[in-house]
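Residues take their numbers from the sequence shown, with the count starting at 1.
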Amino acid sequence: MSYAIFQLARAHRACAAALLREMDLHPGQELLLMQLFDPDGQTQSELLESVGLDHSTVSKSLRRMQDAGLLIREPAEHDRRVMVVHLTDKGRAMREPIAALWRTLEEASARNLSERQATSFVDTAYAITKAINSRPLPREEST
């Protein structure tokens with residue numbers, strides 16, 4: 001089962017990456033944009049928490065996205081050490097293309113499934129996720 005999950009995740013990511021390349025985005029950047037659509041003006045820490053990626057990955061993605069003109073980062077008024085991320089008009093214009101990308105990816109993913117199979121798959125995927133996340137991770141032994 002683990003290998004099947006790995007193969008599925010790999011195929012899904014490759015398909016998503018190809019669609020994202022057509023939009024001049026890197027994988028994961030669409031998730032950050034989606035988080036900023038509602039509400040705009042979040043701190044980098046809030047984005048980190050919402051997407052579940054590590055700090056360096058988010059920071060690098062935000063820098064690339066700022067260079068591409070999709071967003072701006074500026075110090076917060078209440079604390080200049082805190083960076084607030086805002087979409088530009090170009091970034092806000094990505095809402096519908098990203099929604100269309102996800103619809104295309106969903107259609108491709110479920111193409112060979114009946115509605116019942118698709119619903120069962122989603123339920124199963126969430127059950128597996130819950131089982132994995134509820135299992136305590138082994139502690140590293142200190143030497």
(message) Using side-chain heavy atoms (C-beta onward) and a distance below 4.5 Å, is Leu20 in contact with Gln29?
(response) no
(message) With a 3.5 Å distance limit and no angle check, can you tell me whether Arg95 reaches the backbone of Phe37 through a side-chain donor-acceptor pair?
(response) yes
(request) Establish whether Val51 and Leu101 are linked, either directly or via other cluster members, by ILVMFWY side-chain heavy-atom contacts under 4.5 Å. (result) yes
(request) Taking the side chain as every heavy atom from C-beta outward, state whether Lys130 and Asn133 have any atom pair closer than 4.5 Å. (result) no
(message) If you count every heavy atom of other residues, nucleotides or ligands that lies below 6.0 Å from Arg103 atom CZ, does the total exceed 12?
(response) yes
(message) If you count every heavy atom of other residues, nucleotides or ligands that lies below 6.0 Å from Gln7 atom CD, does the total exceed 12?
(response) yes
(message) Working to the nearest 0.5 angstrom, can you tell me the gap between Gln35 CD and Ser50 OG?
(response) 3.5 Å
(request) Could you tell me the separation between the CG atom of Leu31 and the CG atom of Leu53, rounded to the nearest 0.5 Å? (result) 7.0 Å
(message) According to a hydrophobic-cluster definition based on side-chain heavy atoms being under 4.5 Å apart (Ile, Leu, Val, Met, Phe, Trp, Tyr only), do Met94 and Trp102 belong together?
(response) yes
(request) Tell me whether Leu48 is reachable from Val82 by hopping between hydrophobic residues (I, L, V, M, F, W, Y) whose side-chain heavy atoms are closer than 4.5 Å. (result) no
(message) Can you give me the closest heavy-atom contact between Gly41 and Leu36, atom names plus distance?
(response) N-CD2, 4.4 Å
(request) Return yes if some donor-acceptor pair links the side-chain N/O of Arg21 with the main-chain N/O of His26 below 3.5 Å, else return no. (result) no
(message) Rounded at 0.5 Å granularity, tell me how far CG in Leu105 sits from CD in Glu107.
(response) 10.0 Å
(request) Take Leu8 and Phe121 through the test side chain to side chain contact (heavy atoms under 4.5 Å, CB included) and record every step on the way to the result. (result) CA-CA 12 Å; Leu8 170 62; Phe121 172 78; 3.6 Å; yes
(request) To the nearest 0.5 Å, tell me how far Ser61 OG sits from Glu30 CD. (result) 9.5 Å
(request) Determine, step by step, whether Leu62 and Leu47 satisfy the side chain to side chain contact (heavy atoms under 4.5 Å, CB included) criterion, reporting the C-alpha distance in whole Å, the side-chain angles of both residues, the deciding distance to 0.1 Å, and the verdict. (result) CA-CA 10 Å; Leu62 292 175; Leu47 286 172; 4.2 Å; yes
(message) Checking the side chain of Glu106 only, and the main-chain atoms of Thr104 only, is there a donor and an acceptor separated by less than 3.5 Å?
(response) no
(message) Using side-chain heavy atoms (C-beta onward) and a distance below 4.5 Å, is Arg63 in contact with Arg73?
(response) yes
(message) Minimum heavy-atom separation for Gly69 and Thr88, please, with both atom names.
(response) O-OG1, 2.5 Å
(message) I'd like to know if Asp67 and Arg64 make a salt bridge, using a cut-off of under 4.0 Å between side-chain N and carboxylate O.
(response) no
(message) Test your reading of the model: is there a side-chain donor-acceptor pair from Lys90 to the backbone of Leu71, 3.5 Å cut-off?
(response) no
(message) Within the structure provided, determine whether Arg13 and Pro27 are in side-chain contact (heavy-atom separation under 4.5 Å).
(response) yes
(request) Return yes when atom CD of Glu96 has more than 12 non-hydrogen atoms of other residues, nucleotides or ligands closer than 6.0 Å, and no otherwise. (result) yes
(message) What's the separation between atom NZ in Lys60 and atom NE2 in His55, rounded to the nearest 0.5 Å?
(response) 14.0 Å
(message) Could you tell me if the side chain of Ile128 sits less than 4.5 Å from the side chain of Met1, heavy atoms only?
(response) yes
(message) Please determine whether the number of non-hydrogen atoms from other residues, nucleotides or ligands lying under 6.0 Å from atom CD of Gln117 exceeds 12.
(response) yes
(request) Verify, without hydrogens or angle tests, whether Gln42 (side chain) and Pro39 (backbone) share a donor-acceptor contact under 3.5 angstrom. (result) yes
(request) Could you tell me whether the side chain of Leu25 reaches within less than 4.5 Å of the side chain of Leu33, counting heavy atoms only? (result) yes
(request) Would you mind reporting whether Ile98 and Met23 have side-chain heavy atoms less than 4.5 Å apart? (result) yes
(message) Same cluster or not: Met83 versus Leu70, using hydrophobic residues (I, L, V, M, F, W, Y) connected whenever any side-chain heavy atoms lie under 4.5 Å apart?
(response) no
(request) Return yes when atom CD of Glu49 has more than 12 non-hydrogen atoms of other residues, nucleotides or ligands closer than 6.0 Å, and no otherwise. (result) no
(message) Is any side-chain heavy atom of Gln44 closer than 4.5 Å to one of Val85?
(response) yes
(request) Verify the distance criterion only: is there a donor paired with an acceptor across the side chains of Asp54 and Thr57 at less than 3.5 Å? (result) yes
